[in-house]
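Remarks on the structure that follows.
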Protein chains: 2
Amino acid sequence: MTATRPPRADAVRNRRLLLAAAADEFAEHGLDASVADIARRAGVGKGTVFRHFATKDDLVAAILTDRMDALHHLGERLLASGDPAAAVREFLTAAAAQRQERDLSFLAAATESMPEVAAARDRMMATIDAVVARARDHGAIRADITGTDVFLLMCAPNYVAGYVPDAVPDLWRRYLAVILDGLSPEGAQPLPIQPPTLT
Amino acid sequence: MTATRPPRADAVRNRRLLLAAAADEFAEHGLDASVADIARRAGVGKGTVFRHFATKDDLVAAILTDRMDALHHLGERLLASGDPAAAVREFLTAAAAQRQERDLSFLAAATESMPEVAAARDRMMATIDAVVARARDHGAIRADITGTDVFLLMCAPNYVAGYVPDAVPDLWRRYLAVILDGLSPEGAQPLPIQPPTLT
DNA sequence: TAGCAAGTTGACCGCGCGGTCCGGTTAGTG
DNA sequence: CACTAACCGGACCGCGCGGTCAACTTGCTA
């Protein structure tokens with residue numbers, strides 16, 4: 001048996017500091033944020049970064065899985081609540097709000113092949129599927145929309161709003177509203193092209 | 001007076017080769033595509049790149065202005081044609097098709113501060129404003145949508161479709177249809193947040 | 001066809017990156 | 001309290017980048 005000791009207190013603290021600093025640094029400078037800057041921001045040496053995360057990609061993966069799991073848990077809570085239509089609306093709103101605070105969506109492309117990230121995404125996808133299926137069954141959203149569609153459309157409001165130079169706070173709400181109108185059964189035209197499946 | 005000679009024939013050819021090679025290389029490797037690779041792909045030396053474009057950013061700017069001007073001219077043609085609703089639909093379809101062939105939308109962020117790019121964007125924006133205003137006046141799209149809104153929403157279908165791993169051709173059409181339904185007056189809920197203005 | 005400005009080339013430069021490594025430090029244990 | 005394994009820090013490495021330059025080649029003109 002590998003009876004591993006619990007990690008030292010400072011190691012736990014530094015790991016948390018590093019994740020926070022990295023999220024901030026990536027949000028400000030994109031994927032090009034340097035490991036040295038992240039270490040400086042966290043107040044530790046560069047070597048400490050690589051002790052906790054073998055490569056820069058592993059660090060990115062850790063941030064992403066944390067964020068996706070947060071949405072996963074939110075989805076489960078919404079499923080337990082009553083209103084199927086509100087659940088979809090609130091899920092998409094929360095996802096956009098998370099991205100508004102710190103837009104890290106570009107990190108997804110960099111780590112799509114890492115199994116831990118894929119697993120977290122699958123967990124989140126399963127929850128979205130459930131939320132969307134329930135709303136569809138209640139006629140709260142159009143019949144030809146799948147969970148995968150909603151997953152893909154999730155990031156669009158922030159992406160769109162991000163093109164405005166001096167960040168208008170909450171502008172994403174405007175485009176989320178447009179997309180929600182597009183998802184509603186009212187006045188829906190038939191969709192071309194079959195819905196996609198992931199992996 | 002500065003009576004400049006016309007450029008030499010090989011210089012004109014190389015400039016064209018470089019723009020094409022750079023567009024391909026950026027589409028494949030993102031903004032990180034190296035100048036050396038672009039030169040190799042165009043079949044010229046690295047020095048030649050910097051003779052035509054003072055910096056890598058200038059090269060990016062040249063590609064972007066070309067593409068935006070193409071859409072600008074399309075918009076003008078659509079304005080001359082009859083159907084206001086079809087004009088919006090066709091403009092957005094063409095914009096998405098351009099991005100489908102080679103997605104270079106990420107280049108915009110890198111050069112947003114360059115005046116020549118801003119000028120090309122403003123030309124395109126003016127055309128979009130006209131196309132959207134005409135459609136709005138005819139009741140073809142909802143009353144609370146502006147040209148800037150459409151400009152911002154333009155890239156969303158490709159962005160959304162781009163998250164699917166093994167590129168489903170024309171998947172963007174599905175999400176363009178969702179957004180077009182969201183832009184239609186039918187079943188439109190009031191939008192939160194005022195429409196943005198650029199610069 | 002002679003002359004030359006314009007164009008081309010690839011070796012070269014400095015820089016900052018991701019990642020390594022080892023000597024010094026410190027938190028937890030018996 | 002003394003010991004030690006885990007942890008930390010930052011100098012260091014090799015690499016590939018954007019950009020420069022001086023020697024060479026070539027399309028145009030008179």
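Below, chain A is the first sequence line, B the second, and so on; all start at residue 1. This is a predicted model, so every value here is computed, not measured.
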(Q) Can you measure B:Leu17 atom CG to C:dG7 atom P for me and round it to whole angstrom units? (A) 15 Å
Q.
Between C1' on C:dC12 and CZ on B:Phe50, what's the gap in Å once rounded to a whole number?
A. 14 Å
Could you pull out the protein-nucleic contacts involving nucleotides 5-7 of chain D (nitrogen or oxygen on both sides, under 3.5 Å)?
{"unit_1": "D:dA6", "atom_1": "N3", "unit_2": "A:Arg8", "atom_2": "NH1", "d": "2.8"}

Q) Between D:dG18 atom P and B:Leu59 atom CG, what is the distance in whole Å? A) 11 Å
Which side-chain N or O atoms in residues 86-96 of chain B pair as donor and acceptor under 3.5 Å with protein atoms at least two apart or in another chain?
{"unit_1": "B:Thr93", "atom_1": "OG1", "unit_2": "B:Arg89", "atom_2": "O", "d": "2.7"}

Q: Provide the full list of salt bridge (Lys or Arg N to Asp or Glu O under 4.0 Å) pairs with a residue in residues 12-21 of chain A, sequence neighbours left out, each pair given once.
A: none
(Q) According to side-chain hydrogen bond (donor to acceptor under 3.5 Å, both in side chains), does anything in residues 108-124 of chain A pair up with another residue at least two apart or in another chain? List the pairs. (A) A:Asp69-A:Arg123
Q: Please collect all side-chain hydrogen bond (donor to acceptor under 3.5 Å, both in side chains) contacts where either partner lies in residues 31-44 of chain A, sequence neighbours excluded, each pair once.
A: A:Glu25-A:Arg41, A:Glu28-A:Arg41, A:Ser34-A:Asp37, A:Asp37-A:Arg40
**Q.** Within residues 45-60 of chain A or reaching into it, pairs that qualify as salt bridge (Lys or Arg N to Asp or Glu O under 4.0 Å) - sequence neighbours excluded
**A.** none
Q. At their closest point, which heavy atom of A:Leu104 faces which heavy atom of A:Leu64, and how far apart are they?
A. O-CD2, 4.4 Å
**Q.** Which residues share a side chain to side chain donor-acceptor pair (under 3.5 Å) with A:Gln98, sequence neighbours left out
**A.** none
Distances under 3.5 Å only, N/O to N/O: pair up the protein atoms with those of nucleotides 13-17 of chain C.
none

Q) What residue pairs, at least two apart or across chains, pass salt bridge (Lys or Arg N to Asp or Glu O under 4.0 Å) with a residue in residues 179-192 of chain B? A) A:Arg142-B:Asp181
Q | Counterpart residues, salt bridge (charged side-chain N to carboxylate O under 4.0 Å, His left out), relative to B:Asp83 (two or more places apart) | A | none
(Q) Contact list please: residues 103-117 of chain B against DNA chain C, heavy atoms, distance less than 4.0 Å, in numerical order. (A) none
Q. Which heavy-atom pair separates B:Gly147 from B:Asp129 by the least distance, and what is that distance?
A. CA-OD1, 3.2 Å
Q: Send over the distance from A:Leu18 CG to D:dC8 P, rounded to a whole Å.
A: 9 Å
Q. With sequence neighbours left out, which residue pairs that include part of residues 160-172 of chain A fulfil the salt bridge (Lys or Arg N to Asp or Glu O under 4.0 Å) condition?
A. A:Asp170-A:Arg173
Q. Atom CD1 of A:Ile38 and atom C1' of D:dC8: how far apart are they, to the nearest Å?
A. 18 Å
